[in-house]
Amino acid sequence: MIYVIGGPTGSGKTTLAIALAKAWNAPIINADAFQMYQELNIGTNKEILMMRPFKPFLFDEVSPLENLSVAIYQQRFRKLIQTLLPKHPRIIMVGGTGLYMKASLYDFEFAPQQINPDSSKFDAFDNAQLHAYLATLDLEASQKIHHQNRRRVMRAIAILESTGKTKSEQEKTQLKTLLYPATFVGILPQREWLYEQLDKRVDVMFKQGLLEEVKSLVGKYGDTLLAFQAIGYKETIAYLNGKTTLGEAIQKIKQSTKRYAKRQITYFRHQLPMKWYRTWEEAFEALKA
RNA sequence: GGAGGCUUAGCGAAGCGGCCAAACGCAGCUGACUGUAAAUCAGUUCCUUCGGGUUCGGUGGUUCGAAUCCACCAGCCUCCA
């Protein structure tokens, strides 16, 4: 059985995961996009997990130079789970990236290879035109994707161009079934309290040396890595480049973190069959038996 | 003490007599989500029993009609003393 622990950042998912791992002697699989990157430590809150016995799989194992994606995560997860399932009656999966969980646990199928659309040939199209073009290729997909969401429109076009199949055809072959036995557990603290904790956590990150971490990473790799999309990193980089003051950067990080938490809540609420608990302790009591 | 300017929804800011419950931006709230997901995108934000009801510093006035014009009061700002 895979125990999937979701919820907003700062809710205590990780603490719960470790408590359960101890109680069950179970392995933990990380499902957090940015915690997969090595060297992004303080800003991605990896600290508690670094401790040896509970260090999760799919965690802290990819160079920041790489461009991760759902498909890569899914592939690694599927491979890993094959080796873990026979050996462990209980496996814990924790993280904040709901899509990664969903794509791994359900029968999502991605194109076999990374599609590198040369989007440049559509530069002349505005969003509405691009969307209209998609409608001529894959009406169904175009109806589901908002025309302003250029990234997704582009992707749908790219799928067709490189696989010969439309995005909606591809998705139709999937049944949306769960591939492994899994239970979904969510932690959803009271909003106001959570936001307070998140604000505090940002201050702590800076005390722990986030600024130095970012500086050294930028020195090593430059400032354009995909991994620097992470909250805490992009804002700090903006500060280092003189675009904002440090105070502004910190405010921005606090704000983005809270917005992110909200998006996570929405995702888990509507995209996965969570059973919710107010605190990690409550969840632990309910599950440990 | 004298001269002038300003006051609009949570904040910033348009509006300068009817088309104004009031553009736009920010922030907030809600939501979408199948290869960037800590990303990308959308909707929504005075109250409402959805008929309507109360707003544009305050009070009073002009007008068929006022956020828009006038008077007085209050607060803020600039310049001169």
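Since we're looking at a predicted model, the values are computed, not measured. Chain letters run A, B, ... following the sequence lines, proteins first, then strands; residues in each count from 1.
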Both distances under 3.5 Å, Watson-Crick or G-U wobble: report the partner of B/U62, or none.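 No nucleotide pairs with B/U62.
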Would you measure the distance from the [atom1] atom in [N] across to the matching atom in [M] and give it in whole Å?
| N | M | atom1 | value |
| --- | --- | --- | --- |
| B/A39 | B/U34 | P | 16 Å |
| B/G57 | B/U7 | P | 8 Å |
| B/G53 | B/G43 | C1' | 26 Å |
| B/A67 | B/A13 | C1' | 14 Å |
| B/U55 | B/A21 | C1' | 8 Å |

Base of B/A39, side chain of A/R152 - is there a donor-acceptor contact under 3.5 Å?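 Counting by modelled atom types and ignoring angles, a donor-acceptor contact under 3.5 Å is found here.
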Quick one: does A/Q148 reach the base of B/U40 with a side-chain donor-acceptor pair under 3.5 Å?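 A donor-acceptor contact between them is absent.
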Applying a 4.0 Å non-hydrogen cut-off, can you work out what [X] is touching in the nucleic acid: base, sugar-phosphate, or nothing?
| X | result |
| --- | --- |
| A/G43 | base |
| A/Q170 | nothing |
| A/E171 | base |

[X] side chain, from C-beta outward: closest of [options]:
| X | options | result |
| --- | --- | --- |
| A/Q35 | B/U36, B/A32, B/A38 | B/A38 |
| A/Y195 | B/C29, B/A32, B/A37 | B/C29 |
| A/Q174 | B/U34, B/C41, B/A32 | B/U34 |
| A/R191 | B/U34, B/A39, B/U30 | B/U30 |

Does A/F122 have its ring centroid less than 6.0 Å away from the ring centroid of A/Y133?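 That pair passes the under 6.0 Å test.
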State whether the number of non-hydrogen atoms from other residues, nucleotides or ligands found under 6.0 Å of A/N25 atom CG is greater than 12.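 No, not enclosed.
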Is there a side-chain contact between A/Y106 and A/L179 (heavy atoms, below 4.5 Å)?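 No, every pair of side-chain atoms sits at 4.5 Å or beyond.
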Judged by modelled atom types alone, do A/T266 and A/K262 share a side-chain donor-acceptor pair under 3.5 Å?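 Their side chains do contain a donor-acceptor pair, which is all the 3.5 Å distance test asks for.
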